[in-house]
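Note sheet for the following structure.
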Amino acid sequence: MKEELLKKLQTKIMGRSVYYFECTDSTNIQAALAAKNGARHGAVFVAEKQTAGKGRRGRTWESPAGKNLYFSLLLKPDFAPDKAAMLTLVMAVSVARALALEDVRIKWPNDLVINGKKICGILTEMSLEQNCIEHVVIGVGINVREQEFDPELVDKATSIEAECGQVLSKELLLAEILKSFEELYEIFQKTCDLSALQAEYEELLVNKDREVCVLDPKGEYRGIARGINATGELLVEREEGALETVYAGEVSVRGIYGYV
Ligand code: ATP
């Protein structure tokens with residue numbers, strides 16, 4: 001896969017070095033380790049299989065061998081740590097652009113869905129030193145060709161091939177994602193917010209103008225998702241008219257009848 005990928009890369013920075021694993025625990029873990037050992041901004045870590053793929057808040061990402069794409073991108077930015085969470089949304093738009101499939105939508109903040117089921121998850125992790133970013137790792141798992149999922153995932157997981165019948169090359173897809181991300185990261189860096197990407201993100205947002213249930217550990221509530229603000233928080237209009245600003249940190253959002 002590595003040679004194929006290197007042939008297809010058209011980027012200057014993202015993917016400037018590629019670390020390839022037949023099988024690893026988690027590409028996010030490997031990227032963080034390599035970062036401490038001098039791996040550079042823009043390095044990419046790709047695996048055919050992960051034995052401990054990560055989801056948000058300690059959850060796992062099922063990563064069987066062969067059919068799917070699992071990678072992490074290492075960044076060493078010089079902006080403030082509170083900006084890093086927005087990179088999840090930048091990556092979500094990059095993946096959607098690269099896929100260029102009509103039915104792809106984003107479920108705020110970090111999942112891509114087709115027909116209401118998840119095809120991609122994104123996990124951004126950061127390491128700090130004295131309140132400055134040491135590195136950021138953006139992990140991406142995409143169900144490219146998987147047809148069989150664990151029973152507990154069947155209702156909410158699917159793959160690109162299962163939904164669209166499209167047979168994609170993993171190398172080409174990764175090369176396209178890195179190209180899109182390189183373009184969007186440059187735009188993001190100018191303002192360190194999502195002002196230039198907000199409209200595109202909202203176009204893709206599956207939750208927009210739909211009733212959602214906000215699973216906030218301080219108390220669940222329902223409302224209509226209206227979009228995002230320039231820092232990537234979800235704007236939810238409650239029944240009585242108040243507009244809540246939902247920060248992704250501890251919160252999940254669900255549709256009222258299911259996953260979206
Ligand atoms: P949230 O809305 O909080 O992001 P989430 O369920 O989407 O909720 P994530 O942390 O984004 O959570 O992803 C991890 C979850 O995704 C797992 O708990 C599991 O339910 C689901 N999952 C795990 N592996 C896969 C996969 N290969 N494809 C689709 N979904 C998966």
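Remember, it's 1-based here, ligands and their atoms both numbered in the order they're listed.
F45 belongs to a hydrophobic cluster whose other members, connected by ILVMFWY side-chain contacts under 4.5 Å either directly or through intermediates, are Y19, F21, L74, V137. Other residues sharing a hydrophobic cluster with Y70 under the 4.5 Å side-chain heavy-atom criterion for ILVMFWY residues are W61.
Under 3.5 Å, the side chains of E163 and T158 contain a donor-acceptor pair of N or O atoms.
Side chain of N207 to backbone of W108: a donor-acceptor contact under 3.5 angstrom is found. Remark: side-chain polar atoms of K117 are not paired, donor with acceptor, to backbone N or O of S159 under 3.5 angstrom.
Listed by first then second residue, pairs satisfying salt bridge (charged side-chain N to carboxylate O under 4.0 Å, His left out) with a partner in residues 201-214 read D209-R226, not counting sequence neighbours.
Each of G55, R56, R57, R59, T60, W61, E62, K107, N110, D111, K118, N143, L153, K156, A157, S252, R254, Y259 has a non-hydrogen atom positioned under 4.0 Å from some atom of ligand 1.
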